Number of protein chains: 2
Amino acid sequence: MNIGEVAERAGLPPKTIRYYEDIGLIRPMRSANGYREFRDRDLHKLAFLGRARALGFSIEDCRTLLALYEDTERESAQVKQVAQEHLVQIDAKIAQLESMRATLAHLIEECRGDHRPDCPILEDLSAALQ
Amino acid sequence: MNIGEVAERAGLPPKTIRYYEDIGLIRPMRSANGYREFRDRDLHKLAFLGRARALGFSIEDCRTLLALYEDTERESAQVKQVAQEHLVQIDAKIAQLESMRATLAHLIEECRGDHRPDCPILEDLSAALQ
DNA sequence: GCTTGAGCTTCCAGTCACTGGAAGGACTAT
DNA sequence: ATAGTCCTTCCAGTGACTGGAAGCTCAAGC
């Protein structure tokens, strides 16, 4: 398979696939013409990466997960730990966004949003000292 | 005020304040020795920026909000619109994270996390191809 | 055989909002 | 005079791509 076909099937842009090769996540073969030649195994890895990225794992986490995936001697505890640490990060981000959301939604409610200049949103932002 | 004091009082690192000057958000004066000389107005702006950034507004949004803040002729509707668009983005991010969280939490529950290699998390990731 | 267009290659630069570090000048206290 | 802290500028790196330029390869049609 060339990069276009594998991109289609893995659901990743060709640019991203080249980038993943650059950083050593995959190692496709090369045809005589210099084109990358992807095998099923590469496609499978790329799909794995796409799914892991969609779950928000960092590239370094993906590297770890891929290594665990290829290691038939792995202990599932190792995988679970990576996933649990990621879940903690996700929860932290959600909490931060919820907090922003609450403040912002409150300010928006207070603001009349008309042609007059007085605005509780700007008042809040400008009252940030202390 | 020098940059150290204003950094302390605005709650922003000096590096960030220099960066904000670089991109034209603030324009502190200069003392004869080449040091930046911040006035109350600059401090106020920096605190405004810190608060807006803490609410997740992008730098470009901050630029807009700061301009509206300084424009006594503004209509509060303009401010409200910027804030509402930002709220939509926050909601989208929260939804995305909640979706990731749900999938990940489910997979983590399923995984025994012991010394054996079989792992529903890796199985899910590797089953990404249709 | 030639042309056209799509697909592939590499390389460089840009994104966003900083952050770290180096090299060196200015100020303060002893 | 010295030491230590604060300030300056400039350059490079972060994460994970993404856009674009310049050029090679391939398949189809005339």
Side-chain angles (χ1 to χ4, degrees), chain A residues 1-38 42-43 45-46 48-66 85-86 89-90 92-93 96-97 100, chain B residues 1-38 42-43 45-46 48-66 85-86 89-90 92-93 96-97 100:
Chain A
M1 283 174 279
N2 283 348
I3 201 168
E5 186 183 346
V6 90
E8 174 85 13
R9 290 173 63 178
L12 293 172
K15 279 266 182 188
T16 298
I17 296 175
R18 291 191 195 102
Y19 173 68
Y20 286 173
E21 183 186 10
D22 265 7
I23 62 173
L25 285 177
I26 50 165
R27 290 180 200 286
M29 321 239 41
R30 291 290 174 140
S31 304
N33 59 13
Y35 286 17
R36 289 170 183 82
E37 173 65 31
F38 295 85
D42 299 309
L43 172 57
K45 274 194 185 185
L46 286 168
F48 183 104
L49 289 168
R51 176 91 175 117
R53 291 286 301 131
L55 287 178
F57 285 103
S58 71
I59 289 287
E60 286 318 300
D61 279 349
C62 287
R63 201 186 295 277
T64 304
L65 291 171
L66 210 45
E85 281 165 15
H86 179 44
Q89 297 304 310
I90 287 179
K93 267 189 210 160
Q96 192 195 11
L97 286 169
M100 286 177 184
Chain B
M1 284 173 279
N2 284 347
I3 200 168
E5 185 183 347
V6 89
E8 173 84 15
R9 290 172 64 178
L12 292 172
K15 280 266 181 188
T16 298
I17 295 174
R18 291 192 194 100
Y19 173 69
Y20 286 173
E21 182 186 11
D22 264 8
I23 63 173
L25 285 177
I26 51 165
R27 292 180 199 283
M29 320 240 43
R30 293 288 174 142
S31 304
N33 61 11
Y35 286 16
R36 287 170 185 81
E37 173 65 30
F38 296 85
D42 299 309
L43 172 57
K45 272 194 185 186
L46 286 168
F48 182 103
L49 289 168
R51 176 93 176 117
R53 292 287 301 131
L55 286 178
F57 285 102
S58 71
I59 289 288
E60 283 320 300
D61 279 350
C62 288
R63 202 186 294 278
T64 305
L65 290 171
L66 210 45
E85 281 165 15
H86 180 43
Q89 297 303 312
I90 288 180
K93 269 190 206 158
Q96 192 194 11
L97 286 169
M100 287 178 184

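Just the heavy atoms: all of them, side chains too, but no hydrogens, waters or symmetry mates, feed the values below. Proteins come first, then strands; the chains are lettered A, B, ... in the order of their sequence lines, and each starts at number 1. Keep in mind the model is a prediction, meaning the values are calculated, not measured.
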I need the [atom1]-[atom2] distance between [X] and [N], as an integer number of Å.
X       : N      : atom1 : atom2 : answer
A:Glu60 : D:dC17 : CD    : C1'   : 15 Å
B:Ile3  : D:dT5  : CD1   : P     : 19 Å
B:Tyr19 : D:dT14 : OH    : P     : 17 Å
A:Arg18 : D:dA16 : CZ    : C1'   : 16 Å
A:Ile23 : D:dG15 : CD1   : P     : 10 Å

For B:Leu66 against B:Leu25, the heavy-atom pair lying closest together = CD2-O, 3.8 Å
remark   = Of all heavy-atom pairs linking B:Leu65 and B:Phe48, the shortest is O-CZ, 3.8 Å
request  = Using a strict 4.0 Å threshold on nitrogen-to-oxygen distance, state whether A:Glu21 and A:Arg27 make a salt bridge.
outcome  =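 Answer for the salt bridge query: no.
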remark   = With B for base contact, S for sugar-phosphate-only contact and - for none (protein heavy atoms under 4.0 Å), nucleotides 21-28 of chain D reads ----BS--
Look at [X] and [N] and indicate whether a side-chain polar atom (N or O) is within less than 4.0 Å of OP1 or OP2.
X       : N      : answer
B:Arg30 : D:dT9  : yes
A:Thr16 : D:dT18 : yes
A:Arg53 : D:dC17 : yes
B:Arg36 : D:dC7  : no

ask   = So what does A:Pro14 hit on the nucleic acid, given a heavy-atom distance under 4.0 Å: a base, only sugar-phosphate, or nothing?
value = nothing
ask   = Hey, does A:Phe57 reach any base, or is it just sugar-phosphate, or nothing, if we go heavy atoms under 4.0 Å?
value = nothing
I want to check something: taking the side chain as every heavy atom from C-beta on, are [X] and [Y] in contact at a cut-off of under 4.5 Å?
X       : Y       : result
A:Phe38 : A:Leu46 : yes
A:Glu85 : A:Gln89 : no
B:Arg36 : B:Asn2  : no
B:Tyr35 : B:Ile3  : no

query = Donor-acceptor pair, B:Glu37 side chain versus B:Pro28 backbone, under 3.5 Å?
reply = no
Chain B footprint on DNA chain C, 5' to 3' - any atom under 4.0 Å from a heavy atom =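 For DNA chain C, the relevant span reads C:dA17 to C:dC27.
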key: Qualifying side chain to side chain donor-acceptor pair (under 3.5 Å) pairs, either residue in residues 48-61 of chain B, two or more places apart   =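 Output for this query lists A:Asp124-B:Arg51, B:Glu60-B:Arg63.
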